[in-house]
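Here the structure comes first, spelled out in structure tokens, and everything after it is commentary.
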Amino acid sequence: MMVVLYGQGGVIATVPMSGGAASNIVGGQSFPTEGTTDGVSAYWTLTIPSNERSATLVKSSLTTPMPQILAVNVQPAGSVAVDATSVYWLTNDGTVRKTPK
């Protein structure tokens, strides 16, 4: 399971479903909020507290951490989800948006 540790130097990590210690994927993220994983990569949003309508959707491999920006100004209000080909997020106006993985 993926976890997001919110803050100026936020961390994206995984934790075994059976419990145990967190394993960091990538740190130093500016205010990460929502996130998920497909077992190969992690996907999350970065939201600046002073401008919550302007966020960035980011992706990184679980094994070779290298954050890659997938979309900017995504205006997230809810969860991030993935399927075999796309990443989805809920916007502030209630619209579900998507972008290719």
Side-chain angles (χ1 to χ4, degrees):
M1 153 174 73
M2 190 181 111
V3 294
V4 175
L5 304 172
Y6 181 78
Q8 176 62 40
V11 175
I12 308 303
T14 58
V15 177
M17 292 296 286
S18 59
S23 177
N24 290 354
I25 299 167
V26 64
Q29 299 296 291
S30 266
F31 301 102
T33 51
E34 305 294 334
T36 193
T37 181
D38 61 6
V40 175
S41 297
Y43 305 85
W44 66 94
T45 55
L46 301 173
T47 304
I48 301 168
S50 63
N51 187 4
E52 292 183 2
R53 292 190 163 270
S54 178
T56 303
L57 180 67
V58 184
K59 169 187 179 178
S60 180
S61 165
L62 295 175
T63 57
T64 309
M66 186 182 312
Q68 169 190 355
I69 295 173
L70 296 180
V72 295
N73 296 323
V74 298
Q75 302 182 10
S79 298
V80 174
V82 294
D83 64 15
T85 60
S86 301
V87 183
Y88 303 85
W89 66 93
L90 180 65
T91 66
N92 289 331
D93 67 5
T95 304
V96 175
R97 302 287 308 266
K98 77 175 186 175
T99 191
K101 285 181 162 180

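Computed from a prediction, not measured in an experiment: that's the story for all the values here. Just so you know, residue 1 is the first one in the sequence shown, and it goes up from there.
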Donor-acceptor pairs under 3.5 Å, side chain of residues 7-29 to any protein atom, not counting sequence neighbours: which ones?
residue, atom, partner, partner atom, Å
Gln8, NE2, Ser30, OG, 3.2
Gln29, OE1, Trp44, NE1, 3.3
Gln29, NE2, Gly27, O, 3.4

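In this view, Tyr88 satisfies the ring-ring contact (aromatic ring centres under 6.0 Å, His included) rule with no residue, not counting sequence neighbours.
Here the shortest heavy-atom pairing between Val74 and Trp89 reads O-NE1, 2.9 Å. What you find for Pro65 and Ser60 is that their closest heavy atoms are CA-OG, 3.3 Å. Between Ser41 and Lys59, the closest heavy-atom pair is OG-CE, 3.6 Å. Across all non-hydrogen atoms, the minimal contact from Val58 to Pro67 is CG1-CB, 3.8 Å. Of all heavy-atom pairs between Thr37 and Leu62, the closest is OG1-CD1, 3.5 Å. When all heavy atoms of Glu34 and Ser79 are compared, the pair lying nearest together is OE1-CA, 3.9 Å.
In this structure the side chain of Val4 never reaches within 4.5 angstrom of the side chain of Thr33, judged on heavy atoms.
Members clustered with Val72: Ile69, by chain and number, using a 4.5 Å side-chain heavy-atom cutoff among hydrophobic residues.
Here Lys101 pairs with Asp38 in a salt bridge; the nearest charged N to carboxylate O distance falls below 4.0 Å.
In this structure, CG in Leu57 is found 9.0 Å from CG in Leu46, a value given to the nearest 0.5 Å.
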